[in-house]
Amino acid sequence: MRFDILTLFPEMFSSPFQESILAKAIEKGLIEVRTINIRDFALDKRRIVDDAPYGGGQGMVMKVEPIARAIEQVKSEDPSVRTIYLTPEGKPLNQEMARQLSSRSHLILLCGRYEGVDERVRELFIDEEISIGDYVLTGGELAAMVLIDTVSRLLPGVLGSDRSAEEDSFFGSLLEYPQYTRPASFRGYEVPEVLLSGNHQAISLWRRKEALRRTWMRRPDLLSKASLSEEDKKILEEISKKDVS
Ligand code: 6GU
């Protein structure tokens, strides 16, 4: 899968893709991440990319021509590319959207700065507008990194095969159960005994209970969307009766 990032700050992207899982995904050729400096597509001598808004008001607006030329260059190489504008006015990103995006082979990610882009960019070139949450960033660059990260890890081979399969059955429904590793005792805090028991059935049940408890405590909104078995519902009833810890 290929990502072309259109930005005024390509340097921001130098390190996030040079570490860990995404670096390996690039090395293996599973993803390709290119940055394109919008300023390279400003044809005037001073390479101006922004201007004051018509009608007056605060701040600067990103000009349409350099963005248009940059997008058209990518589209001339691949007319089927999908163009996404990262903006707090977009649809909030969630796991289902990430899953849908992961089926595409090529995305353009346009990162806005200042007071946003000239509206004609959106009308003429943008297929989809995406936000990463209800708060305001200084620009779309960090949002583009988040999007690339969450989409890439869904691609076959990016995570270990066992991990991706596991994720799919769980995904979007419940929070994770608590995890422990050695030592079994740390400053008087013990690992729950059941996890040391070797009883796989008991361990599974404990983990499901803890996942349900944690979801109920922290994200009750997720429970209405989760697919719950009859046993899950019984466990939840118990939890909601006695547990306030
Ligand atoms: Cl995509 N851009 C900016 N500037 N702020 C945001 C955002 C995007 N998503 C949430 N906040």
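Ligands are counted one by one from 1 in listed order, and the atoms in each one are counted from 1 as well.
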Q. Relative to atom 10 (C) of ligand 1, which among Gly90, Gly139, Gly133 owns the nearest non-hydrogen atom?
A. Gly133

Q | Shortest protein heavy-atom distance from atom 1 (Cl) of ligand 1, along with the residue and atom involved | A | Thr87 N, 3.1 Å

Q) How far is atom 9 (N) of ligand 1 from its nearest protein heavy atom, and which residue and atom name does that atom have? A) Ile132 N, 2.9 Å

Q) Going by the order shown, which atoms of ligand 1 are within less than 4.0 Å of some heavy atom of Leu86? A) 1 (Cl)

Q: Would you mind reporting whether Leu222 and Leu174 have side-chain heavy atoms less than 4.5 Å apart?
A: no

Q: Could you state whether Leu124 and Ile126 fall into the same hydrophobic cluster, counting links through intermediate Ile, Leu, Val, Met, Phe, Trp or Tyr residues with side-chain heavy atoms under 4.5 angstrom apart?
A: yes

Q: May I ask you to check if ligand 1 and Thr138 share an N or O to N or O distance below 3.5 Å?
A: no

Q: State if Ile130 counts as touching ligand 1 under the rule of any non-hydrogen atom under 4.0 Å.
A: yes

Q) Can you tell which part of Asp134 has a heavy atom less than 4.0 Å from ligand 1: side chain, backbone, both or neither? A) neither

Q. Are Val121 and Leu110 close enough that some pair of their side-chain heavy atoms sits under 4.5 Å apart?
A. yes

Q) Got the closest protein heavy atom to atom 11 (N) of ligand 1, with its distance? A) Tyr135 O, 2.5 Å

(Q) I'd like to know if the side chain of Glu129 pairs up with that of Thr87 as donor and acceptor (distance under 3.5 Å, no hydrogens or angles considered). (A) no

(Q) What protein heavy atom lies closest to atom 5 (N) of ligand 1? Include the residue and the distance to one decimal. (A) Leu137 N, 3.0 Å

Q. Which part of Pro88 is near ligand 1, with near meaning a heavy atom under 4.0 Å away: side chain, backbone, both or neither?
A. both

Q. How would you list, by chain and number, every residue that makes a side chain to side chain donor-acceptor pair (under 3.5 Å) with Asp232, sequence neighbours excluded?
A. Arg208, Ser229

(Q) Taking side chain to side chain donor-acceptor pair (under 3.5 Å) as the cut-off, I'd like each qualifying pair that reaches into residues 54-74, sequence neighbours left out, listed once. (A) none

Q | Worked check of side chain to side chain contact (heavy atoms under 4.5 Å, CB included) between Leu212 and Leu228 | A | CA-CA 10 Å; Leu212 285 163; Leu228 300 175; 3.8 Å; yes

